[in-house]
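When reading the values below, keep in mind they use all heavy atoms of this one structure, side chains included, and skip hydrogens, waters and symmetry mates. Just so you know, these numbers come straight off a predicted model, no measurement behind them.
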Amino acid sequence: MGEIASNTHILLIAVLILAVILYALYVTISIVKRRTRIRDSNKEISIIKMDLISKQSHLQSLIEDSVTWTPRDLETYEAAMEDTKLLKGKLDTGMDIADVKTKRLELGNETHQLFDTLQKIRKYEDRMFGDGVADRRGRK
């Protein structure tokens with residue numbers, strides 16, 4: 001009688017463990033399916049967006065093709081394009097000049113800092129070795 005109870009106990013524990021494993025598998029599979037569905041729906045949304053963008057671009061080109069330009073409109077457009085080119089050229093030249101001046105200022109600042117450092121070194125040498133000892137003209 002004790003053996004049957006022990007075997008029933010082991011059998012009941014095995015059934016419970018099997019149920020937990022099956023439930024964990026069910027939950028895992030449902031999570032994976034949900035992630036797959038979300039990924040697929042995101043891809044579908046991206047495809048729909050791309051399709052809408054291409055249709056919008058096509059519609060815009062149709063609108064632009066349907067507009068007729070008068071000679072005066074063409075002259076205004078060409079004048080605006082010429083002004084834009086001139087302004088871009090002036091801007092590029094101004095940026096180049098600003099870059100050169102900025103580099104010159106930076107080099108001047110670095111040179112000033114180096115000369116300050118050199119002066120500090122000379123003062124330190126004069127304190128250590130006496131006045132004029134560290135001079136390049138000849139050491140005492």
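Not counting sequence neighbours, the partners of K49 by the side chain to side chain contact (heavy atoms under 4.5 Å, CB included) test are I45.
Put simply, L74 and M81 are part of the same group of oily side chains (I, L, V, M, F, W, Y) that touch within less than 4.5 Å, one to the next. Following chains of ILVMFWY side-chain contacts shorter than 4.5 Å, one cannot reach F129 starting from I121, and the two form parts of different hydrophobic clusters. Connection of Y26 to I17 is not established within any shared hydrophobic cluster, with ILVMFWY side chains joined at heavy-atom distances below 4.5 Å, either directly or through further cluster members. Note on M95 and L86: separate hydrophobic clusters, where clusters join Ile, Leu, Val, Met, Phe, Trp and Tyr whose side-chain heavy atoms are under 4.5 Å apart, directly or indirectly.
Looking only at distances, a side-chain donor or acceptor of S46 sits under 3.5 Å from a matching main-chain atom of N42.
Put simply, OG1 on T36 and CZ on R39 are 5.0 Å apart, with the number rounded to the nearest 0.5 Å. Taken from CG in L62 to OG in S57, the straight-line distance is 9.5 Å, to the nearest 0.5 Å. L18 contributes atom CG, which lies 13.5 Å from atom CD1 of I13 (distance to the nearest 0.5 angstrom).
Applying the ring pair (Phe, Tyr, Trp, His ring centres under 6.0 Å) test to residues at least two apart or on different chains, none of the pairs has a partner in residues 30-57. Within the structure, ring pair (Phe, Tyr, Trp, His ring centres under 6.0 Å) contacts touching residues 73-101 (residues at least two apart or in different chains) are W69-Y77.
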Fill in: Chi angles and distances behind the side-chain contact (heavy atoms from CB on, under 4.5 Å) call for V100, D96
CA-CA 6 Å; V100 168; D96 290 340; 5.6 Å; no
